[in-house]
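Per chain, numbering begins at 1; letters A, B, ... match sequence-line order.
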Amino acid sequence: MFFKGERKMFDSRLIMEQKERVIAAMRKRNFKDIALIETAAGLIEKRKRLITESESARAQQNKRSKDMPQVMKSGTPEEKKALQEELKALAEQVKSFQPGVKAVEEELDAILLSIPNLLADDAPEGGEDNAVEVKTWGAKPQFDFTPKEHDDLCKKTIDPERGAKLTGARFSVLWGPLATLERVLIQFMLDTHTRHHGYTEVWTPFMVNRATMTATGQLPKFEEDLFKTTDDLFLIPTAEVPVTNLHRDEVLREEDMPLRYCAYTPCFRREAGNYGKDTKGYIRQHQFNKVELVKFTRPEESDAELMKLLDDAEDILRRLGLHYRVVRLAAQDQGFSSSKTFDIEVWLPGQGRYREISSCSSFTDYQARRGQIRFKRTGGKATELVHTLNGSGLAIGRTLIAVVENYQRADGSIAVPEALRPYLGCEVINPA
RNA sequence: GGAGAGAUGUCCGAGUGGUCGAAGGAGCUUGACUCGAAAUCAAGUGAGCUCUGCGAAGGGUUCCUAGGGUUCGAAUCCCUAUCUCUCCUCCA
């Protein structure tokens, strides 16, 4: 009763059996608290010792308790009293282990929750500047004039001043054709993923509780990045959070896997630590829209499914005719829960550089362990942790920027990409 | 917001102080029957931790929403929280 078996966090077995590998991976990631691994190892040993002791005391208590009904029925008063006193002493002994076990487990759990996922062995070394280009698609569009940045092109239709009036910095209002473009991009992406890539559309809450945020890894470490309500609920920073948690504490059936979901949600991020970055334009907002792809797979297929997920996200850009490249993130640039991440970067001619428009990751069993998302093989007995994957498919605001900058014309109007014409009902929009 | 009822295994659903990890059913697995399938019959089938063992396996322990409490002993009694349902109220 005073210890639960489930360790819903970093795999303690991995620490015990492959400590050097874990430490090496954490170094590569530039994880600051390497010492925590050793501390955790010590606590795991201590916990085992305490559990062994307390369980043998409990076993003794249980054994003697079995005599109780018989003695109560036909024993002498002396026998009853003697047994009761003996059992009382045993009960006290069992209880005496409680505080120790609880303290060790709380300390251990806090540590295990704060250790990031193990990196894939082939993660490139280094940080932000060491991403490895994997592929490119298309070519940079050529202009016979100097292409402008999106905020310059859309002075009347992207309105950060009114966003600031209504809410604050990093909020924007969209007007007219750009509001429509934002809306139809959502629909275009969802339609493409559900009709052509085999995803099931889901619609989720945009606020979630602590347990949900903890399973996907946002909590406990990154609370300062989240918007929080007075009811201890959090605004989601990505649809990954509610969609991955759909199957928290569930046992899935192998024949249903892999599960592929896509969802549109707004995303809310405080952008703590990004104060100077991208202060102008529509690139970095506290609230933005995103269509997200999420998969639940068997462990052996997660790598292949990640490549397919990445390709499904890329397909949106191909259909829109937008030049992009794919990079594999280096170790120190990867998210807390991620084992392997590819970013898709779209070309922005106004800025003259590639910008992240999608991030596709495998979380291996890390989120599955934290959220106890498991599956049972057909005909098998044991349950196993699933692998979770997700990726943006795509970020809507940045797609809007990419469309505007790539399809701009000398007069400031925007040619509508072929794929969006049925949605917009026109071939040109005028954002000025 | 007011009043009441409930939360049990993959699912449904019994179970009001000890012999309950938990009846029964569904599902699933295996076998029988069948040319095959369906139907039928039989057997099996929860999870975590931990110890012993090369392993096969076996032992111990915990888990009946969560957290506290009563008791020698809790699925069962008490308190709190969360969620679900019914009625009333309110409301897009």
Side-chain angles (χ1 to χ4, degrees), chain A residues 1-17 40-41 43-106 108-109 112 204-215 229-234 242 245-257 259 296 365 368-386:
Chain A
M1 184 72 85
F2 49 92
F3 43 77
K4 306 271 290 182
E6 293 170 10
R7 320 250 40 85
K8 295 187 173 187
M9 39 219 60
F10 194 92
D11 190 359
S12 58
R13 193 164 294 152
L14 200 58
I15 290 179
M16 298 317 287
E17 289 171 6
L43 287 169
I44 291 164
E45 284 298 345
K46 194 170 170 190
R47 173 176 172 272
K48 278 189 189 180
R49 225 167 40 237
L50 282 171
I51 284 183
T52 305
E53 287 173 26
S54 80
E55 283 190 350
S56 77
R58 174 68 94 174
Q60 208 184 343
Q61 184 194 21
N62 286 346
K63 204 170 160 201
R64 285 301 273 145
S65 283
K66 293 211 167 105
D67 300 333
M68 196 63 178
Q70 184 58 36
V71 170
M72 288 307 278
K73 197 156 48 167
S74 53
T76 65
E78 291 74 32
E79 284 171 333
K80 288 181 192 171
K81 188 137 193 276
L83 183 55
Q84 263 184 3
E85 272 167 20
E86 188 189 344
L87 282 171
K88 186 151 194 161
L90 284 170
E92 310 246 309
Q93 200 199 337
V94 167
K95 275 182 192 147
S96 72
F97 286 100
Q98 274 187 50
V101 174
K102 195 172 174 184
V104 168
E105 296 209 322
E106 278 173 4
L108 178 59
D109 289 356
L112 292 178
T204 70
F206 303 152
M207 290 191 260
V208 299
N209 58 30
R210 270 180 192 278
T212 299
M213 281 293 185
T214 303
T229 74
T230 50
D231 302 301
D232 209 35
L233 297 176
F234 299 86
N245 274 276
L246 287 172
H247 295 302
R248 174 154 54 85
D249 294 321
E250 291 185 12
V251 178
L252 304 170
R253 304 188 320 166
E254 183 182 22
E255 57 262 42
D256 296 333
M257 299 173 69
L259 292 167
F296 300 81
D365 62 7
R369 176 173 295 101
R370 291 168 74 108
Q372 288 298 298
I373 309 168
R374 296 170 293 171
F375 77 105
K376 187 172 284 195
R377 293 188 190 271
T378 308
K381 284 186 69 172
T383 55
E384 298 172 52
L385 294 167
V386 306

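- Rounded to an integer number of Å, the gap from CD1 of I44(A) to P of C49(B) is 12 Å.
- Across all strands shown, the partner of A42(B) is U30(B), judged by Watson-Crick or G-U wobble contacts whose two distances both fall under 3.5 Å.
- Across all strands shown, U61(B) forms a Watson-Crick or G-U wobble pair with G48(B), both key distances being under 3.5 Å.
- Distance check: L83(A) CG to M68(A) CE gives 5.0 Å after rounding to the nearest 0.5 Å.
- Separating the P atom of U62(B) from that of A56(B) is a span of 25 Å, rounded to the nearest Å.
- Comparing G17(B) with A75(B), their P atoms are spaced 13 Å from each other, to the whole Å.
- Picking from G68(B), A47(B), C49(B) the nucleotide with the shortest atom distance to the side chain of R47(A) gives C49(B).
- Rounded to an integer number of Å, the gap from CG of D249(A) to C1' of G46(B) is 15 Å.
- Spacing between U10(B) and G2(B) at atom P, rounded to whole Å, works out to 36 Å.
- A side-chain donor-acceptor contact under 3.5 Å links Q372(A) to the backbone of R369(A).
- Side chains of N62(A) and S65(A): no donor on one and acceptor on the other come within 3.5 Å.
- Residue contacts for R13(A): at a heavy-atom cut-off of 4.0 Å it reaches the sugar-phosphate backbone alone, with no base atom in range.
- In this structure, the nucleotide among A47(B), G73(B), C51(B) sitting nearest to the side chain of K95(A) is G73(B).
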Could you pull out the protein-nucleic contacts involving nucleotides 58-60 of chain B (nitrogen or oxygen on both sides, under 3.5 Å)?
residue: G60(B); atom: N2; partner: E55(A); partner atom: OE1; Å: 2.7
residue: G60(B); atom: N2; partner: E55(A); partner atom: OE2; Å: 3.4

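- The base-pairing partner of G9(B), taking Watson-Crick or G-U wobble contacts with both distances under 3.5 Å, does not exist among the strands shown.
- When the C1' atom is used for both G27(B) and C11(B), the distance is 7 Å, rounded to whole Å.
- Along RNA chain B, the nucleotide closest to Q61(A) and the one closest to E255(A) are compared, and the more 5′ of them pairs with E255(A).
- Under a cut-off of 6.0 angstrom, the local environment of CE in M207(A) is sparse, with at most 12 non-hydrogen atoms contributed by other residues, nucleotides or ligands.
- Of the side-chain N and O atoms in T52(A), none sit less than 4.0 angstrom from OP1 or OP2 of U61(B).
- Comparing the same atom, C1', in A7(B) and in A81(B) gives a spacing of 13 Å after rounding to whole Å.
- Using atom P as the reference point in both A26(B) and C41(B), the two lie 9 Å apart (nearest Å).
- For the OP1/OP2 pair of G18(B) and a distance below 4.0 Å, the side-chain nitrogens and oxygens of K63(A) include no atom meeting the criterion.
- Atom CG of L385(A) is separated from atom C1' of A47(B) by 12 Å (rounded to the nearest Å).
- Here G48(B) presents its P atom at 12 Å from CZ of R369(A), a figure rounded to the nearest Å.
- In this structure U80(B) sits in a base pair with A66(B), meeting the Watson-Crick or G-U test at under 3.5 Å.
- Nearest nucleotide to the side chain of A91(A), out of G18(B), G48(B), G73(B): G73(B).
- Rounded to whole Å, the separation between the P atoms of A43(B) and U50(B) comes to 36 Å.
- Residues that satisfy the side chain to side chain contact (heavy atoms under 4.5 Å, CB included) test with R377(A), not counting sequence neighbours, are E254(A), R298(A), P299(A), E300(A), F375(A), E384(A).
- U10(B) atom C1' lies 14 Å from atom CE of M257(A), rounded to whole Å.
- Partners of E255(A) according to the side chain to side chain contact (heavy atoms under 4.5 Å, CB included) rule, which considers only residues two or more places apart in sequence or in another chain, are R253(A), T378(A).
- No hydrogens or angles considered: nothing links the side chains of T214(A) and R370(A) as a donor-acceptor pair under 3.5 Å.
- Put simply, CG on L90(A) and CD on Q61(A) are 6.5 Å apart, with the number rounded to the nearest 0.5 Å.
- Rounded to a whole Å, the CD atom of E92(A) is 9 Å from the P atom of G73(B).
- No salt bridge links E92(A) with K88(A); every basic N to acidic carboxylate O contact stays at or beyond 4.0 Å.
- Nearest-nucleotide mapping onto RNA chain B: of K376(A) and Q60(A), the residue sitting toward the 5' end is K376(A).
- The partner of G17(B), taking Watson-Crick or G-U wobble pairs whose two distances both stay under 3.5 Å, does not exist in any strand shown.
- When rounded to the nearest whole Å, the span between CG of N209(A) and P of U82(B) equals 12 Å.
- The partner of C85(B), taking Watson-Crick or G-U wobble pairs whose two distances both stay under 3.5 Å, is G4(B).
- G13(B) and C64(B) are spaced 13 Å apart, taking the C1' atom of each and rounding to whole Å.
- Minimum atom distance to the side chain of S65(A) is reached by G18(B), of the listed G18(B), U50(B), G46(B).
- Taking atom CD of residue Q372(A) and atom C1' of nucleotide A66(B), one finds them 16 Å apart after rounding to whole Å.
- Residues E105(A) and I51(A) are in side-chain contact: their nearest non-hydrogen atoms beyond the backbone lie under 4.5 Å apart.
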